[in-house]
J.: 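Sharing a structure, written as structure tokens. Questions coming.
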2 protein chains.
Amino acid sequence: MSESCRHNGRTSCTVPSSEQVQDLLLQAEKLCAGRQQRFTELRRKVLELVCQYKQPVGAYDLLDDLKQTGRSAAPPTVYRALDFLQSQGLVHRLATNNTYIACAHPQHEHTGLFFVCHRCGFTQEVHTDEIVQAVRQQAVTLDFTVEKAAVEVSGTCHDCQSGNDDV
Amino acid sequence: MSESCRHNGRTSCTVPSSEQVQDLLLQAEKLCAGRQQRFTELRRKVLELVCQYKQPVGAYDLLDDLKQTGRSAAPPTVYRALDFLQSQGLVHRLATNNTYIACAHPQHEHTGLFFVCHRCGFTQEVHTDEIVQAVRQQAVTLDFTVEKAAVEVSGTCHDCQSGNDDV
DNA sequence: CAAGTTATGTTATATTATAACATAACATTT
DNA sequence: AAATGTTATGTTATAATATAACATAACTTG
């Protein structure tokens, strides 16, 4: 497991703080370059927007943001960019609530594991080898070739359990 | 096949064969009665329709079917019935493709674990204690109270791997 | 620079789901 | 059984999410 990323089942992978966004964009640029993929201005911009949200964001929110920047934009503009970013593992889609979130560790392939608080919306991406292994083992049993696994757990986060009313 | 329910991590839970649908409806009726929930004609009908599909089905397909029966029906008709059926654990929603599938073992609470073949659409619900336990353990680590966990794995099923072109 | 490929712009529309409010059916108490 | 409250359904409209289809622009490669 890479030095720069120590997600070992205890460490949560939250969205980077805003001063880290530039780093992440640079990293994305390098990853794409290495794969002969075009990390265009539009794609960079969409990734930047996704990163700036600390939480999952809807496609139409991103579309509004894009329009704010003066650039012409329609739904396909943002959906195509999101498709590309997902294909490169830079963004995950949360199927249970139709939102998108930046991946904090795009260096290595992984299944998306999310814990989503349905009270405050806080969403944590985690790495849990046990879950990944269990899914893989079940796939072997079924003779099923896994392409993509999505694990989305909804419930109440730490902060929202403690009768904390002011979220 | 199914006697009662022997889902032990090796047994896949497929949708019951059509001669079993009536059993499942009876079972659903009893479950609802025991919970003081109203298993109305409409809800029964929608569950019956969902059961008759061997595979996940979209809400609007169900709506079309409902209309076929002569009954008046609009989107809320089917969505409300599906919401109820989900609340009773009789139906699962597959978030990754916006479809609904009957639960073959509504007797006991469980997280939905699905392997979906993106070639033929074949969808298998399974029980895997290892996955459930791993998710539970991670939740404890995060101090997260799980309400609902969805695991949806997409890939290629056994039959579709073997260069089988005539699916 | 010519030709092929990939990305983006643009318009329209498909698909999925819910809001809001009226009516009907059921449940409970009297 | 009538009155009342609650839950379910009917109905119309619309919101929210996503894609089709085709034209143009920008890169890429020989």
Side-chain angles (χ1 to χ4, degrees), chain A residues 28-29 32-47 49-50 53 56-67 69-88 90-101 118 121 150 152, chain B residues 28-29 32-50 53 56-88 90-101 118 121 150 152:
Chain A
E29 186 173 346
C32 290
R35 296 168 183 161
Q36 259 89 323
Q37 297 291 324
R38 287 156 67 180
F39 191 59
T40 64
E41 265 318 298
L42 175 60
R43 290 164 174 176
R44 169 192 294 275
K45 185 66 193 169
V46 172
L47 180 55
L49 289 170
V50 174
Y53 283 86
V57 57
Y60 278 74
D61 290 331
L62 294 170
L63 180 55
D64 288 343
D65 292 345
L66 265 185
K67 284 176 180 165
T69 71
R71 169 192 281 282
S72 112
T77 312
V78 64
Y79 280 107
R80 286 193 286 223
L82 286 172
D83 284 348
F84 172 82
L85 295 170
Q86 284 176 263
S87 78
Q88 299 306 310
L90 299 166
V91 159
H92 291 287
R93 175 170 189 265
L94 289 165
T96 45
N97 58 3
N98 304 315
T99 55
Y100 302 84
I101 191 166
H118 52 40
E152 300 179 27
Chain B
E29 186 173 347
C32 291
R35 295 168 183 161
Q36 259 89 323
Q37 297 291 324
R38 287 157 65 181
F39 191 59
T40 64
E41 265 317 299
L42 175 60
R43 289 164 177 176
R44 168 191 296 274
K45 185 65 192 172
V46 171
L47 179 56
E48 185 180 1
L49 289 170
V50 174
Y53 284 87
V57 57
Y60 278 75
D61 291 331
L62 294 170
L63 180 54
D64 288 343
D65 293 345
L66 264 186
K67 284 176 180 164
Q68 295 293 325
T69 71
R71 171 190 280 282
S72 113
T77 311
V78 64
Y79 279 108
R80 286 192 286 223
L82 287 171
D83 284 348
F84 172 83
L85 296 170
Q86 284 177 263
S87 77
Q88 300 306 311
L90 298 166
V91 159
H92 291 287
R93 175 173 188 264
L94 289 165
T96 45
N97 59 3
N98 303 315
T99 55
Y100 302 84
I101 191 167
H118 53 39
E152 299 179 28

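Lettering follows sequence order; numbering is per chain, from 1. Just so it is clear, the model here is predicted, and its values are computed rather than measured.
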J.: When we call it a touch if two heavy atoms are under 4.0 Å apart, what does B:R80 touch: a base, just sugar-phosphate, or nothing?
T.: base
J.: Ignoring hydrogens and angles, state whether a donor on the side chain of B:Q88 or B:R35 is under 3.5 Å from an acceptor on the partner side chain.
T.: yes
J.: Apply salt bridge (charged side-chain N to carboxylate O under 4.0 Å, His left out) to A:R44 and list each qualifying residue two or more places apart in sequence or on a separate chain.
T.: A:E29, A:E41
J.: Checking side-chain polar atoms at under 3.5 Å, does B:D65 have a donor or acceptor matched by the opposite partner on B:Y53?
T.: yes
J.: Just jot down the side-chain hydrogen bond (donor to acceptor under 3.5 Å, both in side chains) partners of B:N97, sequence neighbours excluded, or say none.
T.: B:T99
J.: Given atom CG of B:D61 and atom P of C:dA17, what is their separation to the nearest angstrom?
T.: 12 Å
J.: Near DNA chain C, under 4.0 Å by heavy atom, which residues of residues 63-78 of chain B?
T.: B:P75, B:P76
J.: Throw together a table of side-chain donor-acceptor distances under 3.5 angstrom for residues 72-79 of chain A, partners on residues two or more places apart or in other chains.
T.:
residue, atom, partner, partner atom, Å
A:T77, OG1, A:A74, N, 2.9
A:T77, OG1, A:A74, O, 3.0

J.: By nearest nucleotide on DNA chain C, pick out whichever of B:N97 and A:T40 is the more 5' one.
T.: A:T40
J.: Given axes from five pairs at either end, by how many degrees does the helix from C:dC1-D:dG30 to C:dT30-D:dA1 bend, rounded to 10°?
T.: 40°
J.: Taking any atom under 4.0 angstrom from a heavy atom of chain B, which nucleotides of DNA chain D are the first and last to qualify, 5' to 3'?
T.: D:dT7 to D:dT12
J.: Taking for each residue the nucleotide of DNA chain C with the nearest heavy atom, is it B:Y60 or A:A81 whose nucleotide lies nearer the 5' end?
T.: A:A81
